[in-house]
Visitor: 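Next up is a structure, given as structure tokens.
Order of listing sets the numbers, starting from 1, for every ligand and every atom in it. Since the model is a prediction, treat every value here as computed from it, not as a measurement.
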Amino acid sequence: MDDPNIAEKLVEVLQRSDGDTSLRPVHTFGVSATGFFEPSPIAGNFCVAEHFKAEKTNVIVRFSNGSGSATIRDGWSDVRGMAVRFHLSDGSDTDLIAMTLPEFFAPTPEAFLEFALEASPAPYEGQSPWKKILELLHLRLPERDPYPGETISPDAGAIRFADKNAYAQLGVLQAATIGAPVSYVRAAYHAVHTFVVTDPDNTRRWVRFSWQPIAGVLRTDPNKTPVDDYLKQELVDRIANEPARFSLMMTIGEVGDDFNDSSRPWPPHRQRVMMGTLTLDAIPENQEEQCEKLSFNPGLLTDGIEASDDPVLHIRKESYKISSKWRDGSPCPFSRS
Ligand code: HEM
């Protein structure tokens, strides 16, 4: 039977012992930027949602580090987030939340709960070179060495879980090798789940969205000592000189693709449509209100875009509401009416 408290349990288990309950339990540190989205000339042929038809739609974007630790470690290898809120003309909003991992760790909320429990940050000492060689000989992922100052980590638990559960292997392997971007706007971000878009003829298509940076993807050098805090200032300095841009790509699924499991990739040759360009040209001064307090939600959709039946997407809607309430976020997009 489905656990009625699973949304709450998920938020609880994501809270790290070195986190801060007044902040987000994951994606704790970030920076927001504002700008606008312009649809491509063909976007409206695929989706009737307003931001794919209107000339321009204002947006606010929050970039973040995936970690829930209350210490900023920009230079450490970590998944990054990009939460985009489109402000529609009737005063409502719609969100598209993405991250640098192309696939998620688990197909269901229950499986993710098990994963998150096993990957709870634990004391971290890394592995001896001999143990690493042994792991490689067994075709298992060796642990990386801890960063200076890194005492606890989810890595060992995540690898242990992936050794037992094939569905987690792609996500864990990708997360283990993801590194750090030189800039929040030099990374590609994936919304991971499948959404259903409706076109003007009422044809429905099962699609996945991702943001591609116009400046290209570039990571820091993994052999250099990581810098703790540079991503926010880098974005401020960059945008003071010129706007940052992303293309929104939409991949169209075909019969046989997994529509309800974001841990499974689709074949690489699926049709991709360029849906529009995002331009970021300002950094809100009040980052407390316009970034830290903001509450995004993957369930905040609009006419023309629906959630697929992916159970992880559905539980996220509830978990993000709970998290926003617990950390006193303002406003939770579902508590306004
Ligand atoms: C069951 C699965 C998941 C759970 C329980 C979960 C939970 C959470 C929670 C509790 C927050 C903080 C929300 C807040 O306080 O406002 C959060 C933030 C975030 N999550 Fe997830 N998450 C899940 C899956 C994912 C997936 C698949 C993605 C990839 C698109 C993702 C990307 C993000 C991002 C980018 C943020 C930061 C949003 C912001 O800037 O406010 N999460 N997640």
Visitor: What's the shortest distance from atom 30 (C) of ligand 1 to any protein heavy atom, and which residue and atom give it?
Guide: Ile97 O, 3.4 Å

Visitor: Ignoring hydrogens, what is the shortest heavy-atom contact between Pro109 and Val312? Give both atom names and the distance.
Guide: N-CG2, 3.8 Å

Visitor: Between ligand 1 and Gly329, can you find any atom pair, the residue atom being a heavy atom, that is separated by under 4.0 Å?
Guide: no

Visitor: Between Leu88 and Asp93, is there a side-chain heavy-atom distance shorter than 4.5 Å?
Guide: no

Visitor: I'd like to know if atom 21 (Fe) of ligand 1 has an N/O/S atom from Met99 within less than 2.8 Å of it, counting both backbone and side-chain atoms.
Guide: no

Visitor: Please report whether ligand 1 has a polar contact with Tyr320, defined as an N or O pair separated by less than 3.5 Å (distance criterion only).
Guide: yes

Visitor: Where does Leu10 meet ligand 1, judged by heavy-atom distances below 4.0 Å: at the side chain, the backbone, both, or neither?
Guide: side chain

Visitor: Below 3.5 angstrom, do we get any N/O pair linking Arg24 and ligand 1?
Guide: yes

Visitor: For Lys224, does the NZ atom sit with more than 12 other heavy atoms under 6.0 Å from it, leaving out its own atoms?
Guide: no

Visitor: Compute the shortest N/O to N/O distance between Ser64 and ligand 1 and return yes if it is under 3.5 Å, no if not.
Guide: no

Visitor: Return yes if some donor-acceptor pair links the side-chain N/O of Thr194 with the main-chain N/O of Phe259 below 3.5 Å, else return no.
Guide: yes

Visitor: Quick one: look up the protein heavy atom nearest atom 9 (C) of ligand 1 and list residue, atom name and how far away it is.
Guide: Val26 CG2, 3.7 Å

Visitor: In this structure, are over 12 heavy atoms from other groups packed under 6.0 Å from Glu285 atom CD?
Guide: no

Visitor: Any N or O of Arg62 that comes nearer than 3.5 Å to an N or O of ligand 1?
Guide: yes

Visitor: Is any N or O atom of Arg327, backbone or side chain, closer than 3.5 Å to an N or O atom of ligand 1?
Guide: yes

Visitor: Using a 4.0 Å heavy-atom cut-off, say whether Ala98 meets ligand 1 through its side chain, its backbone, both or neither.
Guide: backbone

Visitor: Which is closest to atom 1 (C) of ligand 1 in terms of heavy atoms, Phe296, Phe112, Phe105?
Guide: Phe112

Visitor: Does Arg80 have a non-hydrogen atom less than 4.0 Å from ligand 1?
Guide: no

Visitor: Quick one: does NZ or CZ of Arg80 land under 6.0 Å from the six-membered ring centre of Tyr189, within 45 degrees of the ring axis?
Guide: no

Visitor: Taking the side chain as everything from C-beta on, heavy atoms only, tell me whether Arg204 gets closer than 4.5 Å to Val197.
Guide: no

Visitor: Run the numbers on Val61 and Ser32 for side-chain contact (heavy atoms from CB on, under 4.5 Å), then give the verdict.
Guide: CA-CA 5 Å; Val61 176; Ser32 69; over 6 Å; no

Visitor: Between Tyr184 and Phe63, what is the ring plane arrangement, given parallel below 30°, perpendicular above 60°, and tilted in between?
Guide: parallel

Visitor: Have a look at ligand 1 and work out which part of Ile322, if any, has a heavy atom under 4.0 Å from it: side chain, backbone, both or neither.
Guide: neither

